[in-house]
Structures are given as C-alpha cells and as structure tokens.
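Just below is one structure, and these are the notes that go with it.
For the numbers below, each heavy atom of this structure counts, side chains included, while hydrogens, waters and symmetry mates do not. We name chains A, B, ... by the order of the sequence lines, and we start the count at 1 in each one. Note that the structure is predicted; figures quoted are calculated from it, not measured.
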Amino acid sequence: MDVSHLIDALNPAQREAVCAERGNYLVLAGAGSGKTRVLTSRIAWLNQVFDVPLYRVLAVTFTNKAAAEMRSRLTALLPDGSRGMWVGTFHGIAHRLLRLHWQEANLPEAFQVLDSDDQLRLVKRVVKDLQLDDTRFPPKQLVWWINNHKDAGRRPSSIQVAMGDQFTRVQVQVYEEYEIRCQRSGLVDFAEILLRAHETLLKQPALLGHYQQRFSEILVDEFQDTNNVQFAFIRLLAGEHGCVFVVGDDDQSIYGWRGAQVENMQKFLRDYPNTQTIRLEQNYRSTGNILAAANAVIAHNPERLGKKLWTEDSDGSLIDLYTAFNEVDEARYVIGKIQAAIQNGNSPSDCAVLYRNNAQSRAIEEQLLSAALPYRVYGGQRFFERMEIRDAMAYLRLVSNRNDDAAFERAVNTPTRGIGDKTLDELRRLARDSALSLWQAAEMIQSQDCLSARAKNALNGFLAIIRHIDAHREGMELYELFDFILIQSQLRAHYTKESKGELDSRVDNLDEWVSVASRFARRIVPDEEQDASELSLFLAYAALEAGEGQVQEGVEGVQLMTLHSAKGLEFPFVFLVGLEEGLFPSARSLDESNRLEEERRLAYVGITRAREKLTITYAESRRMHGTELYGTPSRFIREIPEKLIHTIRAKTPSYGNSNRFNSGLSENTSAFYMGQTVSHATFGEGVIIQFEGSGAHGRVQVNFACDGYKWLVLAYAKLQAA
DNA sequence: AGGATTGAGTTTTTT
DNA sequence: ACTCAATCCT
C-alpha cells in the first residue's frame with residue numbers, strides 16, 4: 001500500500017510524530033508548526049499503516065470549529081473520511097455519551113443543556129428562595145464557585161467546610177439546592193455534562209469496559225486547555241491499554257482563568273511514564289524577526305516545557321513600534337498603515353487589529369468608519385444567544401421536556417399573556433413545597449384555590465399551547481414544527497409588531513431559525529445516533545454550538561478581535577494595540593501573582609499571529625471609564641530585543657518651541673486657534689502637536705495630529721475660562 | 001405592561 | 001463614560 005502521500009510534505013519532527021509506533025505521545029506543537037496536519041495525518045497513518053479501524057479512534061478538540069476542521073481534513077486524507085470515528089469537542093463527546101446512556105446517567109431521556117445565562121437565572125432564583133442576601137452572596141460569584149468545583153470534579157458532599165465557616169457552608173447549600181432543581185428539571189449545565197459523563201463511566205464498569213475496549217486510540221488537541229475533569233475523563237477512557245496522543249503548547253495556555261490546567265502537560269508525563277515527547281519547532285507562518293520577538297518574550301516565563309521556534313524563511317521586516325498620543329491617535333495611525341497596505345495590493349482582510357479587551361475596538365471602529373474601510377468585529381452575540389431565538393427555543397424545549405423549568409420560566413409569559421409575577425410566585429411556591437417542576441405545579445394548581453379564576457385561565461391557556469404543539473407535531477418536518485411554534489406561541493406576531501422598521505429585525509432572525517432547521521435535517525447523523533429524534537439532535541446542536549457570532553454576511557474587511565479569539569488564526573499584517581502596563585498586561589493580572597505568566601503567553605499568541613508584518617502600538621494617554629489614564633509602555637515591549645524594533649516616534653518631547661501653524665484646521669476650530677502662537681508644543685516627526693494658548697473661550701490646551709491631508713483635533717481641554 | 005430611572009460594574013470566552 | 005440589568009413609576 002502506498003502511504004507516502006501521508007508523509008511526503010512533512011518535516012522530520014512531524015514525520016516522527018505521525019509515524020511513531022502505537023503508544024503514548026506528547027507532541028509539543030509551537031504556533032504555526034502544523035499541529036492539525038500532524039494530528040490528522042497521524043489518524044490516517046494509524047488507519048492505513050497500523051490497520052486501526054476508524055471506529056477505534058476518538059479525537060477530541062475544544063471548539064466545534066476545530067472539530068469541523070479536523071473532519072474536513074480527514075475527508076481529504078482517507079477514503080472514508082472520519083466515518084465511524086468519534087470526532088468532537090469534550091462537551092460534544094460527553095453529551096453524546098449521556099444521550100446514549102441517559103438511564104445509566106440517571107437523567108430523563110429528554111434532558112436539556114442549561115446554558116450560562118439560564119444557569120445564572122437559576123442560581124439567582126435559588127439565592128432568593130433561600131432568602132440569602134445577594135450582596136453577601138452575589139449569584140454571579142456563586143455560579144463561578146459552583147462551576148469551579150464541578151470542573152475540579154467536586155460534588156457538594158465532597159467539599160470540605162471548616163468548623164465555623166458559615167460562608168462556605170451557605171455556598172455549599174446553594175450548590176446542593178441548585179443540583180436538586182437541575183435534576184428535577186432534567187437540566188445539565190456545561191460543567192455537569194463532563195462531570196456526569198465521567199461519573200457515569202466510573203459507576204458503570206460494564207459501560208466503561210465497552211468504551212475502553214472500543215477506543216484504542218485517543219487523540220487530544222489543545223491539551224494545555226484541559227481542566228481536571230477533562231483530563232480524568234481521558235485517563236479513564238484510555239484505561240490500561242489505550243494509546244493517548246496529545247498535542248498542545250504550554251506557551252499558548254491562555255484559559256487558566258476558566259479552569260484550564262497547563263499543569264496537565266507535566267501531569268501527563270508523570271501519569272504516563274512511557275510517554276515520548278516530540279517537539280514541533282519549525283514554524284511555517286512567520287518571518288524570522290517575528291519569531292525572534294516571540295521567542296524572546298516567552299523566554300521570560302519560568303517553568304516552561306521548553307521550545308524554540310525557528311524558520312527557514314527570511315528575517316523579514318522589523319517590528320514597528322508606534323507611541324501614540326492617545327487611543328484616537330493610535331487608531332488613526334493603525335488605520336493609516338492599513339490603508340497603505342491596501343494601496344500596495346493587499347486585501348483589508350489581510351489586516352487584523354488585536355486588542356486585550358473588547359472596549360478597545362471602539363476607537364478603532366470609529367477610525368475605520370471615517371476611512372470608509374470595511375471591517376468585521378469578532379465576538380459579540382451568537383445566533384442561539386439572541387433573545388428571540390432563546391424565546392423560541394424555550395417552547396421547543398418545553399415540547400420536548402415538560403419539566404424544563406428554565407424553559408418554562410422564559411416561555412410562560414413571552415409574549416405576554418397575563419401571567420404576572422404574582423401568579424408565578426404562587427406557582428414557584430407550590431413547586432418548591434411539593435418538589436415538583438413548574439409544569440407539574442401548573443397542572444396541579446388548577447385544583448387549588450390559591451389563584452384567581454383569571455390567573456388560572458391564563459395559565460391554562462399557556463399549557464394548552466404547549467400541548468397543542470405537541471399533539472400536532474407527529475409527522476411534521478423539523479422546520480414545519482418550528483414554524484408551527486412561532487405561530488402558536490404568537491412569537492412571530494409579537495416580534496413583528498415590535499421590530500417594525502428596525503435594521504436588524506428579530507423576525508428575520510426567527511425566520512432564519514426556521515431555515516436553520518430545514519438545513520439541519522439534511523446533515524449526516526453518526527451511526528450511534530440513528531435512533532435519536534431529529535428534535536433531540538437539534539436541541540443538542542443548539543446547546544453545544546451557539547453558532548457564529550456577528551453574521552455580517554459577505555463582509556470581507558479588516559479583522560478586529562481580542563487576543564483570545566485570535567488564537568489559532570493568522571494574518572499577513574497584525575496590529576497589536578494598547579500595549580500599556582495595566583491594560584496589557586491587565587491591571588488584574590498584576591495584582592495576583594501567577595497571572596502575569598498567562599498574560600505573557602497571550603502576548604506570545606498575539607505576536608505569533610503575524611505572518612509578514614507586526615506593528616505594536618501603545619498610547620501615552622487613554623480614556624477609560626470616563627477618566628484619562630496615563631500609561632507606561634508594556635513590559636512585553638521591553639522584552640523584545642531592541643534590534644528587532646523600528647521605533648516610529650521617539651518618546652522624548654521637546655518643549656518650549658514656538659511655532660505657527662495656520663493651515664488646514666477644520667472649520668469650527670480654525671476660527672479659534674488659527675494664527676495663535678503655540679507656546680507649548682510637542683514634536684516627534686511632526687505628527688502630534690500639543691497646543692496651549694488663549695482663545696475666545698479662555699485658556700485651552702488642544703492636541704492636533706496631521707494625517708497627511710489635514711489637521712485633526714484629537715483632544716482639547718479648557719484650562720481656564722475667559 | 002412597558003417606559004423611565006437609578007445603580008452597579010468594568011479582561012479574556014467556549015461549551 | 002457607558003452599558004446593562006433591576007427597580008420604580010404611570
């Protein structure tokens with residue numbers, strides 16, 4: 001059999017990983033070193049050379065996008081593509097196990113996923129019902145606390161509460177009550193999916209044995225992002241004989257704040273003593289200078305597994321460093337450089353602006369808008385997170401599982417049908433006292449005399465809608481059911497009324513929801529799930545894949561995103577903005593020790609996104625939360641060797657110059673300042689002028705910048721009234 | 001029920 | 001400064 005095509009294009013290290021004998025491996029894959037290629041080629045190799053049937057392979061990723069990418073690459077490598085294999089995210093795989101073995105997992109067949117939003121609502125409810133002070137026990141913090149324990153594999157009963165520690169005791173109590181309600185409603189949150197799947201396998205030796213025997217090959221992508229439960233899950237499935245092939249980069253671990261344990265990489269080496277470590281250090285993405293900068297920055301982190309990227313590519317150009325006067329000037333400079341790149345024949349989408357936090361996109365967007373450049377902001381609300389979609393999904397969930405309290409709460413009075421807070425409070429009280437779901441309570445309350453006839457009537461109307469939908473769905477295509485729901489629930493009518501003439505109409509989204517359903521029906525279902533109903537598959541899909549963020553169809557523009565969401569992507573031109581102490585690294589990371597290293601890894605991720613040209617900027621002054629902040633350049637800038645940097649503006653200002661400027665000022669400011677003597681000016685290559693003088697309105701300070709055509713007022717402050 | 005007002009928070013995001 | 005959610009008012 002000729003398998004040379006699987007390894008032809010690989011370098012020696014990649015080839016070593018792909019062709020290695022079956023066993024346990026830790027592949028340290030640097031940024032841009034071809035890790036996905038290695039992962040997929042390895043699977044193909046196992047299949048074609050070692051005759052491992054594909055159904056024995058389990059490949060786990062973190063995001064749905066990565067899973068889809070892996071599947072599509074396998075299609076190109078193998079005659080059967082990924083057929084028979086389990087390829088998916090940790091949550092996707094665990095959820096599939098729960099669906100297949102819901103009885104063993106002690107779940108109702110139609111159990112649903114509780115997303116973060118519903119989770120917070122539920123915890124708020126619990127806090128209220130337990131009559132706790134929500135300032136002493138903020139629901140958000142409780143959610144975080146509960147998720148943390150679940151991620152670490154801890155149930156309420158296994159949490160140690162020190163004598164006299166009232167605070168923790170109450171938190172445990174909330175956790176317990178929260179679990180009871182989830183169980184009653186047939187709801188699992190994201191952490192629960194993993195934890196429950198793990199526990200189910202632990203408690204069911206027969207089931208575990210089955211899967212251990214089946215999955216002789218387990219491959220894990222982005223291993224540095226695994227949390228405790230995920231690692232335990234892998235170890236459990238692998239058992240004594242399974243071969244585990246993990247790929248990761250400890251230098252790109254940027255999700256510690258949500259439970260990822262970089263330590264799992266070292267732990268892996270400890271738990272699997274016969275593991276061989278393979279380093280992929282040749283980079284196919286960036287120029288030499290960019291890699292040198294990345295290597296230099298990350299070298300400041302202690303306790304790395306160690307890795308040094310290199311390239312056969314040339315050094316390329318130096319890294320530009322621009323010191324901006326403020327965030328407006330920073331944006332102006334960046335957009336100017338983007339325009340120059342476009343003039344040179346590049347597409348706007350070849351340029352990416354990366355920032356530490358989302359708020360920073362605003363200044364950039366404003367400049368892009370005034371330069372009339374197309375752009376795309378990543379992040380933001382996803383399809384299934386939209387209010388109207390969640391409303392519609394609530395009906396769908398109730399149809400599937402009457403006891404889903406989260407769905408009940410949302411759907412019951414949306415659109416409004418006269419079921420107010422008082423009615424609901426009665427209902428919740430009854431549900432709580434009798435340990436029933438809201439739906440059961442609503443059925444029962446009819447025979448009690450705690451509600452007015454009118455309220456009972458309204459409630460009955462709602463129950464009837466759900467029953468009516470359920471009674472008529474037999475034989476319907478999925479999209480027909482969705483359309484039926486929109487009509488019966490009155491949601492379409494409700495949102496049609498509300499969104500008259502709105503740009504981004506909610507009704508359009510609801511229609512899109514229906515068409516998502518019609519497209520969904522035509523996708524391939526894995527063998528194990530042939531029996532599952534279309535509806536339950538859709539519910540799982542909606543819960544585990546929140547869909548694309550901002551759809552902005554067809555807009556090919558400058559790409560704006562946070563450093564976190566840039567991970568895994570690459571661009572010819574990268575602009576890293578806002579490199580100031582306190583912003584990046586963030587102020588919070590400077591408080592707590594340990595966190596700084598993760599920020600540095602974030603810087604490493606940012607730098608290594610660039611293929612040809614990297615530009616770093618920082619602002620001397622920045623408006624944040626209403627006040628002007630004066631920042632100092634980020635330590636990460638200092639960690640890049642000077643010889644790699646081309647500084648655009650010397651930071652040393654010269655004061656005391658006297659200059660006149662009298663041309664090109666915009667209309668309304670020119671009357672004011674034209675011809676005034678600049679008594680206090682700053683000059684760096686003539687880009688910024690800080691002007692202090694007297695005008696009709698008193699003593700003022702104005703900052704101008706010249707963008708090559710005209711002077712722009714960046715900021716002005718009145719020092720003294722006239 | 002829906003609009004107006006007050007108040008708290010303000011890194012990063014997937015599943 | 002600005003956003004988003006909770007609460008207050010009509």
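Aromatic ring centroids of His95(A) and Phe111(A) lie under 6.0 Å apart.
Residue Arg382(A) places at least one side-chain N or O under 4.0 Å from the OP1 or OP2 atom of dT14(B). In this model, the phosphate group of dT13(B) is approached by a side-chain N or O of Thr562(A) to a distance below 4.0 Å at OP1 or OP2. For dT11(B), the OP1/OP2 oxygens have no side-chain nitrogen or oxygen of Arg356(A) closer than 4.0 Å. Of the side-chain N and O atoms in Lys567(A), none sit less than 4.0 angstrom from OP1 or OP2 of dT14(B). Distances shown here put every side-chain N or O of Asn358(A) at or beyond 4.0 Å from the OP1 or OP2 atom of dT11(B). Taking only side-chain nitrogens and oxygens, Thr89(A) never comes nearer than 4.0 Å to OP1 or OP2 of dT15(B).
Relative to the ring axis of Trp257(A), Arg595(A) does not place its NZ or CZ within 45° and under 6.0 Å from the centre. For Arg376(A) and Tyr378(A), the positive end sits near the middle of the six-membered ring, less than 6.0 Å away and at most 45° from its axis.
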Between Arg428(A) and Glu409(A), is a side-chain contact (heavy atoms from CB on, under 4.5 Å) present by the stated rule, with each step listed?
CA-CA 10 Å; Arg428(A) 291 190 193 109; Glu409(A) 291 255 12; 2.9 Å; yes
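Taking atom CG of residue Leu583(A) and atom P of nucleotide dT10(B), one finds them 16 Å apart after rounding to whole Å. In this structure, the NE2 atom of His494(A) is 11 Å from the P atom of dA1(B), given to the nearest Å. Going from atom CD of Gln381(A) over to atom P of dT14(B) covers 13 Å, rounded to whole Å. Between Asp134(A) atom CG and dA5(C) atom C1' the separation is 13 Å, expressed in whole Å. Between the P atom of dT10(B) and the CH2 atom of Trp257(A) lies a distance of 13 Å, rounded to the nearest Å. Going from atom CG of Leu569(A) over to atom P of dT13(B) covers 13 Å, rounded to whole Å. For the pair His625(A) NE2 and dT11(B) P, the computed distance is 6 Å after rounding to whole Å. As a whole-Å value, the separation of Gln230(A) CD from dT15(B) P is 12 Å.
The aromatic rings of Tyr541(A) and Phe384(A) lie perpendicular to each other, with more than 60° between the two planes, well past the 30° mark. Ring pair His149(A)/Tyr175(A) is parallel by interplanar angle, where below 30° counts as parallel and above 60° as perpendicular.
In this structure, Thr416(A) reaches the sugar-phosphate backbone alone: every heavy-atom distance under 4.0 Å involves primed, P, OP1 or OP2 atoms, never a base. Nucleic acid contact for Thr627(A): none, since no nucleic acid atom lies under 4.0 Å from a heavy atom of the residue. Asp189(A) comes within contact range of no nucleotide atom at all, as no heavy-atom separation falls under 4.0 Å. If you check every strand for non-hydrogen atoms under 4.0 Å, Gly582(A) touches nothing.
Stacking between Tyr255(A) and the base of dT13(B) is absent under the criterion of ring centres within 5.5 Å and planes under 30 degrees.
Along DNA chain B, the nucleotide closest to Asn413(A) and the one closest to Glu545(A) are compared, and the more 5′ of them pairs with Asn413(A). Nearest-nucleotide mapping onto DNA chain B: of Asn64(A) and Gly420(A), the residue sitting toward the 5' end is Gly420(A).
A donor N or O paired with an acceptor N or O is found under 3.5 Å between the base of dT13(B) and the side-chain atoms of Arg258(A).
Here, dA5(C) and dT12(B) have their P atoms 15 Å apart, quoted to the whole Å. Here, dA6(C) and dT11(B) have their C1' atoms 24 Å apart, quoted to the whole Å.
Picking from dT15(B), dA1(C), dA6(C) the nucleotide with the shortest atom distance to the side chain of Lys124(A) gives dA6(C). Which of dT12(B), dT13(B), dT15(B) sits closest to the side chain of Ser565(A) comes down to dT13(B). In the set dT13(B), dT11(B), dC2(C), dT11(B) carries the atom at the smallest distance from any side-chain atom of Arg588(A).
The NE2 atom of His101(A) lies 12.5 Å from the CG atom of Leu107(A); values are rounded to the nearest 0.5 Å.
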